[in-house]
Q: 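The structure is given below, and queries will be raised subsequently.
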Amino acid sequence: MRRAIWALAIFGSASMGVLPAASRDYPFCIKGCDYGAGLGDCSFSSYQQCQATASGRLAYCGANPYFSANAELPSNRGHQSRRRF
């Protein structure tokens, strides 16, 4: 039981550092009262996607200042082929 708690604590602390960095990889952020001060939620690959999420809320979309156009966007593929070539 003690090992499970330690493993969960280590996994939780490791994944906390991953989420904010991953959100910087997208070009658009939603900002507003639901998202607190600062950068907001930068998980949108298109402006239209951000606007659709902001619709009906006290929110607006803007460019992500930390987005690098030279970096690749993460792929949406959920799995990779198992075939070997």
Side-chain angles (χ1 to χ4, degrees):
M1 181 70 172
R2 190 176 281 179
R3 284 185 182 178
I5 293 172
W6 278 106
L8 183 61
I10 291 171
F11 177 75
S13 64
S15 63
M16 288 175 111
V18 172
L19 293 176
S23 68
R24 293 184 181 160
D25 293 339
Y26 292 95
F28 299 100
C29 302
I30 188 170
K31 303 172 188 177
C33 64
D34 291 341
Y35 299 98
L39 203 52
D41 178 11
C42 297
S43 61
F44 300 98
S45 58
S46 72
Y47 186 74
Q48 292 79 13
Q49 184 184 33
C50 182
Q51 285 288 70
T53 304
S55 178
R57 299 179 179 185
L58 292 173
Y60 61 97
C61 296
N64 182 351
Y66 298 107
F67 176 71
S68 172
N70 296 332
E72 273 187 43
L73 287 176
S75 107
N76 290 335
R77 291 178 46 183
H79 66 282
Q80 293 180 349
S81 173
R82 293 184 182 214
R83 285 196 289 171
R84 294 186 183 198
F85 293 101

Q: Name the atoms and distances for all side-chain donor-acceptor pairs under 3.5 Å in residues 54-62, with sequence neighbours left out.
A:
| from | atom 1 | to | atom 2 | distance (Å) |
| --- | --- | --- | --- | --- |
| R57 | NH1 | Y35 | OH | 2.3 |

Q: Would you say Q49's side chain and S45's backbone share a donor-acceptor pair under 3.5 angstrom?
A: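 At least one qualifying donor-acceptor pair exists.
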Q: Going by ring pair (Phe, Tyr, Trp, His ring centres under 6.0 Å), name the residues that satisfy it together with F44, two or more places apart in sequence or in a different chain.
A: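 Result, ring pair (Phe, Tyr, Trp, His ring centres under 6.0 Å) vs F44: none returned.
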Q: Over all heavy atoms of both residues, which pair between F67 and Y26 is shortest? Give the atoms and the distance, please.
A: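 Shortest heavy-atom contact: CD1-C, 3.5 Å.
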Q: Which value, rounded to the nearest 0.5 Å, describes the distance between T53 atom OG1 and D34 atom CG?
A: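 Rounded to the nearest 0.5 Å, the OG1-CG separation comes to 11.5 Å.
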Q: Answer yes or no: is there a side-chain heavy-atom contact under 4.5 Å between L39 and P65?
A: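 Side chain of L39 against side chain of P65, heavy atoms only: contact under 4.5 Å found.
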Q: With sequence neighbours excluded, what pairs up with Q48 under the side chain to side chain donor-acceptor pair (under 3.5 Å) test?
A: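 Q48: no side chain to side chain donor-acceptor pair (under 3.5 Å) contacts found.
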Q: Please report the interatomic distance CG(D41) to SG(C50), rounded to the nearest 0.5 Å.
A: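 The distance works out to 8.0 Å.
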Q: Assess the cysteine pair C42 / C29: is their SG-SG separation shorter than 2.5 Å?
A: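 Yes, because the SG atoms of C42 and C29 sit under 2.5 Å apart, which meets the disulfide cut-off.
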